Structures are given as structure tokens and as C-alpha cells.
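We use all heavy atoms of the structure for the numbers below, so side chains are in, but hydrogens, waters and symmetry mates are not. Note that this is a predicted model, so its numbers are computed, not measured. Throughout, protein chains are lettered first and strands after them, A, B, ... in sequence-line order, and every chain is numbered starting at 1.
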Amino acid sequence: MLDIKFIRTNTELVRQAIINKNEKADLDKILELDEQRRKLQFDFDTLKSRQNAVSQEIANRKRNKEDAADLIEQMSGVAEEIRGVSAELGKVNTELEQALLWVPNVPLETVPVGRDESANRIVRYYGDQPAFDFSPVDHLAVAEKNGLLDLARGAKISGSGFPVYTAQGARLERALISFMLEYHIQKHGYTEIGAPLLVNRKTMTGTGQLPKLEEDMYHVGEDDLFLIPTAEVPVTNLHSDEVIQLPKLPIKYVAYTPCFRREAGSYGKDTKGLQRLHQFNKVEMVRFVEPRDSYRHLEEMLNDAEEILQAFGLHYRVVELCTGDLSFASAKTYDIEVWAPGVGRYLEVSSVSNFEAFQARRAGIRYKDSEGKMQYVHTLNGSGLATPRLMIALLETYQQADGSFKIPQPLEAWLNLKI
RNA sequence: GGAGAGGUGGCCGAGCCGGUUGAAGGCGCACGCCUGCUAAGCGUGUGUAGGUCAAAAGCCUACCGAGGGUUCGAAUCCCUCCCUCUCCGCCA
């Protein structure tokens with residue numbers, strides 16, 4: 001969330017950000033609550049101050065065996081008054097906090113302004129679309145021919161959008177995960193985290209999924225726990241309500257987890273094959289950094305993710321999201337879209353974002369800067385990468401004229417393991 | 001799930017028959033002094049948040065797991081909840 005002081009002094013900037021992000025937080029209401037809050041706080045402090053002073057005097061008199069009945073009598077109404085103001089203050093505070101949770105992060109000034117993805121800016125292309133001397137089929141055809149997927153049975157046991165990988169398909173997907181994890185650990189210096197897949201409400205709120213996106217989350221009502229939509233949630237919240245020692249920064253974590261998304265409101269969109277799923281696997285990178293470095297880290301993480309696609313020799317492009325396409329919590333986001341020759345589209349396989357202090361403020365992730373001042377860290381995360389669309393690109397790119405599928409060289413070691 | 005113990009400042013750890021206790025003491029940390037070097041020693045300081053202020057200083061307020069209650073006054077008493085540890089049960 002944003003600092004209320006920032007909102008107070010940069011109201012128009014925030015107002016514009018809300019519009020540019022297609023959000024609808026009520027700033028006037030927030031400013032009014034803030035005003036009320038400060039007034040009540042002042043009243044409370046004043047009353048409390050008086051009560052403390054008199055209580056002190058009562059204590060002194062009692063110590064000296066003097067009578068304090070008049071003072072006690074005098075204060076008896078004050079306690080009630082304080083309770084009243086305090087209750088009011090608590091109510092306003094809660095209301096203000098709730099309202100602030102609906103204010104999105106402010107996009108970086110350089111982010112292109114636009115309503116939807118049509119205003120996104122293509123940053124660069126890597127490689128070229130592969131040429132085929134036959135007509136390439138889509139990943140479903142490749143998978144069927146080679147026995148890699150069983151989506152029908154996935155639908156039978158869970159529902160559509162819950163893929164079943166079979167035989168070499170399952171091994172390939174697992175190999176992808178291992179390869180990506182080890183790549184980031186060994187080449188980029190990330191520390192691996194194995195994270196819980198069910199998290200509580202506070203954790204979901206910390207990274208900004210709640211309250212706005214509750215409809216998109218699988219919820220276990222009995223325990224009020226949520227299935228994570230991305231490892232970003234548990235991993236970023238690892239340090240919630242903590243003060244990180246300066247020498248520990250930057251912190252770089254990588255985690256593989258399944259991800260669960262209800263995808264409410266996107267029925268019939270990109271439903272073919274592995275394009276849009278309720279459950280999928282993803283390797284996620286998360287960084288905690290000092291604010292002055294955070295945009296350098298954003299570029300670095302983007303590069304970390306790109307290297308995976310490069311290692312597989314896949315053609316892709318990098319896109320900078322416009323304000324309207326930016327997520328609620330993000331200040332700047334790059335998407336990486338890999339080319340899938342069978343379906344003939346660029347598919348998002350990674351999203352790399354800088355949240356600046358937005359998540360850190362919500363989750364309470366701070367550090368002491370070199371001058372000993374308490375500051376919020378900047379948090380970033382990026383997929384590195386999500387497996388389903390990566391599978392699509394691989395299957396479609398490396399299909400052969402005879403319908404078979406060629407394993408990309410970097411994965412051979414994992415698939416040829418002998419025991 | 002049942003029984004018991006406990007949750008205090010960066011850490012350890014007093015206080016818990018209510019009142020100069022934001023909180024003893026120790027460790028750590030920072031600065032200074034001292035000292036061939038190192039170690040040790042001595043001194044001072046060292047929480048977070050909100051408010052007030054142009055700002056700093058200062059001042060005020062809150063915070064001893066969370067939330068309520070009793071009281072003129074609560075870290076200290078009462079209630080509810082959460083978490084940790086130990087034992088039992090259950091499941092892997």
C-alpha cells in the first residue's frame with residue numbers, strides 16, 4: 001500500500017495513477033478518514049495525557065498516606081470519555097486501513113499510459129521465428145502423438161484446466177523445473193526456498209492479492225487458508241514484519257511451486273491445451289533490495305528469466321506493460337512472451353515486476369539504511385519460468401516432420417539419468 | 001484432539017501480592033577514552049509508531065503475543081483468541 005502521508009501530499013498523482021490503472025479507490029474518502037483520524041488521535045492523546053498526570057499525583061499522595069478521593073472522583077468520568085474516543089479512533093483507523101488496501105501502486109513515470117495491452121510497448125525480440133519445411137502442428141498434436149499429456153483424464157478427476165502429464169511428458173516437465181532451479185541457483189546466485197502452498201489471509205494481503213482478487217483464489221473455508229496463485233506470495237512474506245540487516249541485502253530467493261488460479265471471468269479465453277490452467281508449475285524468483293538499486297535489479301531479473309529461453313534456443317519478445325495492464329501492486333512490469341509456432345502466437349511465460357515499497361509496506365518488510373534510519377525494502381519478483389507455456393513453445397518448436405519430438409540439449413542430462 | 005508450561009526491547013533475561021518500569025541486569029551494537037598490536041578495561045549512548053513543529057531539538061501519546069474487561073491507574077488482575085515448547089492420543 002501507499003504511505004498515507006504520500007497520498008496526502010501527492011493526491012493528484014495518486015488520483016491519476018488510479019485512473020491510469022483502471023482502478024477505483026476512493027481517495028476523497030481516504031483523506032477525510034485521515035483527517036478524522038488525526039483529530040481523534042489528538043483528542044485521545046490530550047485526554048490520556050491528563051489522566052496519566054493525575055494518576056501520577058494519586059500515586060504520590062497514596063505513597064505519602066494522603067487522601068486522594070477528590071482526584072479519583074475527578075477522574076472517574078475521564079476514563080469513560082477516553083473509552084469513547086478510543087473506540088471511535090479504532091473504528092476510523094480500521095476503516096482507513098481497509099480503504100488504503102484498495103489503493104493501487106503508482107506506476108513509474110516512464111511506464112506508457114494506456115487502457116489495455118494494446119498500449120504495451122515491445123522492448124525487443126530475441127532470435128527469429130523458426131522455419132519449418134513442413135506445416136507445424138500445435139502442442140496438443142505433438143503431445144498426443146508422443147503420449148505426453150492426458151487432459152481428458154485431468155478433466156475427469158478434477159476439471160478442465162487441471163493437466164495430467166504422462167510418461168515422457170511428466171519427466172520433461174519435471175526436468176524443466178530442475179533445470180531452471182539449478183540454473184538460477186548456480187548461475188545467478190539465488191537461494192532455494194521450499195514454501196507452503198496454503199497460506200493465511202494476512203499473507204495474501206501482504207503481497208496485494210487480497211482484498212482485490214479474492215474471487216481468483218481457491219479458498220479453504222474451514223481454516224481460512226488460500227492456495228497460492230504464485231510462489232511470490234509465501235516467499236515475499238517470508239520476511240513480513242521483520243527488519244532485515246543491511247549487509248544481508250540484496251536477498252535473492254528462487255522457489256518452485258505449483259500455482260492455483262480460479263481464473264474467474266476468463267472463461268473461454270485461451271482455453272486450448274496448456275495455455276490457461278487452474279493448476280500449473282512455476283519457478284519464481286524473488287528479491288528484497290535497497291530502494292536505490294531496485295530498477296537495476298529489475299533489469300537483472302528480466303535477464304535471468306530470458307537466459308532460460310535462450311538456453312532452449314526459443315524465440316521470444318520482451319514487452320513493457322502499460323499502466324492499464326500493470327498489476328495492482330506493480331510499479332513497472334516486463335512480460336516475456338515466447339513464440340509458439342503451432343498456435344502461432346506469442347505466449348506470456350514470465351512477468352517480472354518491481355513493486356518498490358508497496359508490498360513491503362503492506363507486509364512490514366523493513367531494513368535500517370546506512371544512516372540507521374528505518375526504511376521499507378523494495379521487493380521484486382519474476383517468473384523464471386512457468387512450465388505450461390514453456391512446454392507449448394518447446395513441443396511446437398522442436399517437433400519433427402515425422403511427428404516426433406526432439407529433446408532440447410540442456411534437458412538431456414535430466415532425462416537420461418541412470419540409476 | 002487432550003493435559004501442562006510459556007510468549008517482555010536486536011538477543012538473553014528480571015519484574016507479574018497494580019502506581020516515578022519504555023521497562024533492572026547481561027550480551028550485542030555505536031561513539032569516545034585507554035592500551036606496542038590484539039584481547040581485556042573504562043565512560044556515554046542505543047526500540048518502533050503516531051501527533052505537534054517549516055524543520056531539527058523538544059514535548060505529548062501508544063506499544064511488554066492479539067483483542068476485550070476490571071480500576072483513578074495494568075507488563076502486572078479477569079476473559080477470549082493466536083503462537084511456541086513438553087507429554088499423551090491420532091496420522092504419516
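Annotation: Arg201(A), atom CZ; neighbour count of heavy atoms from other residues, nucleotides and ligands within 6.0 Å is above 12.
Thr11(A) OG1 to Ile30(A) CD1: the interatomic distance, rounded to the nearest 0.5 Å, is 10.5 Å.
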Identify each donor-acceptor pair in which a side-chain atom of residues 319-331 of chain A lies under 3.5 Å from a protein atom, sequence neighbours left out, and give them as a table.
unit_1	atom_1	unit_2	atom_2	d
Glu320(A)	OE1	Arg121(A)	NE	3.2
Glu320(A)	OE1	Arg121(A)	NH2	2.6
Thr323(A)	OG1	Asn20(A)	O	3.0
Thr323(A)	OG1	Gly114(A)	N	3.1
Thr323(A)	OG1	Gly114(A)	O	3.2
Asp325(A)	OD2	Asn120(A)	ND2	3.0
Ser330(A)	OG	Lys332(A)	N	3.2
Ser330(A)	OG	Lys332(A)	O	3.2
Ser330(A)	OG	Thr333(A)	OG1	2.6

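Only the P atoms considered, G68(B) is 11 Å distant from C63(B), to the nearest whole Å. Comparing G65(B) with U8(B), their P atoms are spaced 6 Å from each other, to the whole Å. The separation of C33(B) from A40(B), taken at their C1' atoms, amounts to 14 Å, rounded to a whole angstrom. Taking the P atoms as reference points, G6(B) lies 12 Å from G15(B), given to the whole Å. Here the separation of C59(B) from C82(B), taken at their P atoms, is 42 Å to the nearest Å. Nucleotides G18(B) and G73(B) have their C1' atoms positioned 8 Å apart, rounded to a whole Å. Across the P atoms, G45(B) and G26(B) are found 13 Å apart, a figure rounded to whole Å. When the P atom is compared between U38(B) and A30(B), the two are found 15 Å apart, to the nearest whole Å.
Here the side chain of Lys5(A) is nearest to one of C60(B), A62(B), G50(B), namely G50(B). Proximity note for Met374(A) (side chain, C-beta onward) versus U48(B), G51(B), C60(B): the nearest is U48(B).
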Practice item. If a protein heavy atom is under 4.0 Å from the base, mark B; if only from the sugar-phosphate, S; if neither, -; do that for nucleotides 67-74 of chain B going 5' to 3'. Key: --SS-BS-

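Ion pairing between Glu337(A) and Arg345(A) fails under the 4.0 Å rule for side-chain N and carboxylate O. With salt bridges taken as basic N to acidic carboxylate O contacts below 4.0 Å, one links Glu290(A) and Arg292(A).
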Point to revise | Pairing string, 5' to 3', for RNA chain B - Watson-Crick or wobble contacts under 3.5 Å, brackets [ ] where pairs cross, | to another strand | key: ((((((((.[[[..)...(.....]]]((((((.......))))))((((((.....)))))).[[[[[..)....]]]]])))))))....

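Side-chain N/O atoms of Arg50(A) include none lying less than 4.0 angstrom from OP1 or OP2 on C60(B).
When only modelled atom types and interatomic distance are considered, Tyr295(A) and His378(A) share no side-chain donor-acceptor pair under 3.5 Å. Between the side chains of Arg38(A) and Gln41(A), no donor N or O sits under 3.5 Å from an acceptor N or O. No side-chain donor from either of Tyr253(A) and Glu192(A) sits under 3.5 Å from a side-chain acceptor of the other.
Rounded to whole Å, the distance from CD on Gln41(A) to P on G51(B) is 8 Å. One interatomic measurement links the two molecules: CZ of Arg201(A) to P of C81(B), which rounds to 20 Å at whole-angstrom precision. Summarising the geometry, the separation between CD1 on Ile82(A) and C1' on A62(B) is reported as 12 Å, rounded to the nearest angstrom. At whole-Å resolution of the value, NZ in Lys368(A) and C1' in A30(B) are 11 Å apart. In this structure, CD of Glu97(A) is placed 12 Å from P of G50(B), rounded to the nearest angstrom. Between the CG atom of Asn200(A) and the P atom of C83(B) there is a distance of 10 Å, given to the nearest Å. The CG-P distance, from Asp43(A) to C60(B), rounds to 18 Å in whole Å. Put simply, CD on Gln375(A) is 12 Å from P on U48(B), counting in whole angstrom units.
Aromatic pair His239(A)/Phe288(A): centroids less than 6.0 angstrom apart. Checked against the 6.0 Å centroid criterion, the rings of Phe179(A) and Phe312(A) qualify as a close aromatic pair.
Both Phe44(A) and Arg366(A) lie near RNA chain B, and the one whose nearest nucleotide falls closer to the 5' end is Arg366(A).
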